[in-house]
Amino acid sequence: MEVFNTLGRTRQVFEPRDPGVVTMYVCGPTVQTSPHLGHGRAAVVFDVIRRYLEWEGFEVTYVQNVTDVDDKIINAAAERGIDCDAVAAASFAEFDEGYRKLGVKAPTIEPRATEHIPEMIDMIGSLIASDHAYASGGDVYFSVRSFPEYGKLSGRRIDELESGARIDPGEHKQDPLDFALWKAAKPGEPSWDSPWGPGRPGWHIECSAMSRKYLGGGFDIHAGGIDLIFPHHENEVAQAEAAHPDAPFCRYWLHNGMVNLAGEKMAKSTGHVVGLLDALETYPPTAVRLFYLRTHYRKPVEFTPEAMDDAVASLERLWAFRRRVTGPVEAPPDEQLIDRFRAVMGDDFDVAGALGVIFDAVREGNRLLDAGEDPGGVVAAFDEMTAVLNLPAPDVGLGDVADGLVELAGAYGIEAGSGDEDLVDALVAARQSAKTAKEWDTADAIRDGLAALGVVVEDTPDGARWHRR
RNA sequence: GGCGACGUGGCCGAGUGGUUAGGCAAGGGUCUGCAAAACCCUGUACCCGGGUUCGAUUCCCGGCGUCGCCUCCA
């Protein structure tokens, strides 16, 4: 298995720190506003990587942090006249809903910055003790020049950074490159006591401190958006390795590409976004998930209605195939398909390639079914592969069609009272009678009526079947 | 300006030094009362210019273009 490691910008053989165990830290959201489609992509992409690793037999500890204290949360709270906790709680609820609808597995641990202030203070303290940081005017800054390897993750050199850097008013840096580990509290801001006075942590320190706490030194995978490489992840490396020079901070850095809209990156700071929850209302969540998964995780993707229609149609092909097979599948998964799946997934998580294998399975399975042969092994492989990607089949339940259904049934003399599904079965049977009598108009009217309710009737050699659209 | 990524057929999108990715859409056919689904067939794809090679879309150099980072950002 090989992965592209941002640290070194090369493809490397994946060898976890401890055999059979993978420790992952994913940069989670700053719970400041509503999630957009970009947040969803990061979550889905790393969720699939996690599920794949678990499928390969690794025991995965998946940590995703929640940044619940930061300048923008404070500003948003001030603007809206509510407190920071309320801003964070409302935003977190939306992220959580979005992740859940997208089928993202809950993190093993989901630590919040505000619940790990002592750990951060400890780390800051040891950085000061080792001269990698200094207190200044109630703030504490990391001294970038004290860490010679600074820039190794993002491929920057300190001297080049120097020219563009500057010190903002109110900061007390010794060097423009230095960044805040601890910010002195201003009036009205949330704050915690510290050896340097009341204040709050800088952004970067939480990930170094919390990953250390839950995953230890030299954990396996640190993941996040490609836009976090600099400065966030660069700073994390510097802090963590300066505080613990004995071992590298983490072994593999994985970064996902951005979601673009009209050719430009979605970004909450510019308002150039499509809300995640809005998209999940407009499109089936599994189709949104598939939209993310069609493109390799490191590449940018363009969000367009056409791309979504495409994803919806592709998904329908998947499930149209799966609907053809009823009853339990007992055959072992087709080995050739599984081998191909494993090969592409182990090749820097080529999920687009994996989808190619899945669609090949669909064609082969359909061909076998048409030929009257047993597609068991292909179906078993299909089920296994789609489970790894977590592309769940839609609910077959009727949902909210009940009212129109009773009316339609009545029109054909079918008594309400039994369950909705029985009603549909009765209507399908009525259509079958009409077909037998060659009353095509009636048969088609029933089918059209059901279609209008979102129930699709399809004829097969074994009789008519129906499913929810 | 510095650093980095990318440029594949109508659209999306994997991949490879020489033999089919895949999806969506389109055309033809089979099946079917019709429809849907499905299967089969079709469309001579790799930004441009050099170079390496028996052979490059696939490696190297240059150019053009798009995007990202260089401030907060998944």
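The one candidate from A:V259, A:V301, A:V351 that meets the side-chain contact (heavy atoms from CB on, under 4.5 Å) condition with A:T295 is A:V301.
The pairing partner recorded for B:U44 is none, the criterion being a Watson-Crick or G-U wobble arrangement whose two distances lie under 3.5 angstrom. Across all strands shown, B:G10 forms a Watson-Crick or G-U wobble pair with B:C24, both key distances being under 3.5 Å. If you check B:G49 for Watson-Crick or wobble pairing at under 3.5 angstrom, you find it paired to B:C61. B:U30 is paired with B:A38 under the Watson-Crick or G-U wobble criterion, all donor-acceptor distances under 3.5 Å. Base-pair partner of B:U16: not found among the strands shown (Watson-Crick or G-U wobble, both distances under 3.5 Å). The partner of B:A5, taking Watson-Crick or G-U wobble pairs whose two distances both stay under 3.5 Å, is B:U66.
Nearest to the side chain of A:K268, among B:A14, B:A74, B:C72, sits B:A74. Checked against B:C69, B:G33, B:A21, the side chain of A:D360 finds its nearest nucleotide in B:A21. Considering only side-chain atoms of A:R367, the nucleotide from B:C72, B:C39, B:C34 that sits closest is B:C39. Here the nucleotide nearest the side chain of A:R9, chosen from B:C72, B:G4, B:G33, is B:G4. The side chain of A:K265 approaches B:C69 more closely than any other nucleotide in the set B:A74, B:C69, B:G33. Of all nucleotides listed (B:G33, B:G23, B:A38), B:G23 comes nearest to the side chain of A:D310. Closest contact between the side chain of A:F230 and the listed nucleotides B:C69, B:A37, B:C34 involves B:C69. Counting only heavy atoms from C-beta on, A:A313 has its side chain closest to B:C24 among B:G68, B:C24, B:C70. Closest approach to the A:F359 side chain among B:G4, B:G22, B:G68 is made by B:G22 (side chain taken as heavy atoms from C-beta onward).
Comparing the C1' positions of B:C46 and B:G18 gives a spacing of 15 Å, expressed to the nearest Å. Between B:C54 and B:U66, the distance separating the two C1' atoms is 36 Å to the nearest Å. Using atom P as the reference point in both B:C3 and B:G51, the two lie 28 Å apart (nearest Å). Rounded to whole Å, the C1' atom of B:U53 lies 34 Å from the corresponding atom of B:U42. The P atoms of B:C41 and B:G23 are separated by 12 Å, rounded to the nearest whole Å. With P as the reference atom, B:G13 and B:C47 are 14 Å apart, rounded to whole Å. To the nearest whole angstrom, the two P atoms, one in B:U8 and one in B:A21, are 16 Å apart. Atom name P, nucleotides B:U44 and B:A35: the rounded distance is 30 Å, in whole Å.
Distance, A:M308 CE to B:G23 P: 18 Å, rounded to whole Å. For the pair A:D448 CG and B:A36 C1', the computed distance is 12 Å after rounding to whole Å. Going from atom NZ of A:K152 over to atom P of B:C69 covers 24 Å, rounded to whole Å. When rounded to the nearest whole Å, the span between CZ of A:R41 and C1' of B:G13 equals 12 Å. Between the CD1 atom of A:I226 and the P atom of B:C70 there is a distance of 12 Å, rounded to whole Å. B:U32 atom C1' lies 10 Å from atom CH2 of A:W440, rounded to whole Å. Summarising the geometry, the separation between CG on A:D441 and P on B:C34 is reported as 14 Å, rounded to the nearest angstrom. In this entry the distance linking NE2 of A:H232 with C1' of B:A74 reads 11 Å, nearest Å.
Note on A:R317: a side-chain N or O is less than 4.0 Å away from OP1 or OP2 of B:C39. Applying the 4.0 Å criterion to OP1 and OP2 of B:G22, one finds that A:R363 has a side-chain N or O inside that range. Proximity of A:N366 to the phosphate of B:C39: a side-chain N or O atom is located under 4.0 Å from OP1 or OP2. Taking only side-chain nitrogens and oxygens, A:K299 comes nearer than 4.0 Å to OP1 or OP2 of B:A14.
With respect to A:D71 and A:K183, a salt bridge is recorded, a charged nitrogen being found less than 4.0 Å from a carboxylate O. A salt bridge links A:D348 to A:R298: at least one charged side-chain nitrogen sits closer than 4.0 Å to a carboxylate oxygen. Under the 4.0 Å criterion applied to side-chain N and carboxylate O atoms, A:R322 and A:D383 are assigned as salt-bridge partners. Taking a cutoff of 4.0 Å between a charged side-chain nitrogen and a carboxylate oxygen, A:E97 and A:K101 qualify as a salt bridge.
A:E160 comes within 4.0 angstrom of sugar-phosphate atoms only, judged by non-hydrogen atoms across all strands, and of no base. Residue contacts shown for A:V344 are absent, as no nucleic acid heavy atom lies under 4.0 Å away. Contacts of A:V259 with the nucleic acid, taken as non-hydrogen atoms under 4.0 Å apart, include base atoms. Among the heavy atoms of the strands lying under 4.0 Å from A:R431 is at least one base atom, whether or not backbone atoms are also near. Counting non-hydrogen atoms under 4.0 angstrom, A:H296 reaches the backbone sugars and phosphates but no base. At the heavy-atom level, A:R324 lies under 4.0 Å from the strands shown only through sugar-phosphate atoms. Note on A:T295: only backbone sugar-phosphate atoms sit closer than 4.0 angstrom, heavy atoms only; bases stay farther off. Nucleic acid contact for A:A352: base, since at least one base atom lies under 4.0 Å from a heavy atom of the residue. A:P35 comes within 4.0 angstrom of nothing in the nucleic acid, heavy atoms only. Using a 4.0 Å heavy-atom distance criterion, A:I229 is classed as making no nucleic acid contact. Residue-level contact check: A:G263 touches the backbone only, with heavy atoms under 4.0 Å from sugar-phosphate atoms and none from bases. Within 4.0 Å of A:R156, counting heavy atoms only, lies at least one base atom of the nucleic acid. Within the 4.0 angstrom heavy-atom criterion, only backbone atoms of the sugar-phosphate kind lie near A:G224; the bases stay farther away.
Judged purely by distance below 3.5 Å, without hydrogens or angles, the side chains of A:Q174 and A:S136 never pair a donor atom with an acceptor atom.
Contact of A:D227 with B:G68 (side chain to base): no donor-acceptor pair of N or O atoms is detected under 3.5 Å. At a cut-off of 3.5 angstrom, counting only N and O atoms as typed in the model, there is a donor on one side and an acceptor on the other between the side-chain of A:R447 and the base of B:C34. If you check distances only, the side chain of A:D350 never reaches the base of B:G15 with a donor-acceptor pair under 3.5 Å.
Residue A:D168 places its CG atom among more than 12 non-hydrogen atoms of other residues, nucleotides or ligands, all under 6.0 Å distant.
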Chi angles and distances behind the salt bridge (charged side-chain N to carboxylate O under 4.0 Å, His left out) call for A:R323, A:E316: CA-CA 10 Å; A:R323 278 194 301 267; A:E316 178 51 32; 2.7 Å; yes

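Although no hydrogens or angles enter the test, the distance criterion places a donor-acceptor pair under 3.5 Å between the side chain of A:T23 and the main chain of A:D220.
For the pair A:R50 and A:Y62, the cation-pi test (distance below 6.0 Å, angle within 45°) is passed.
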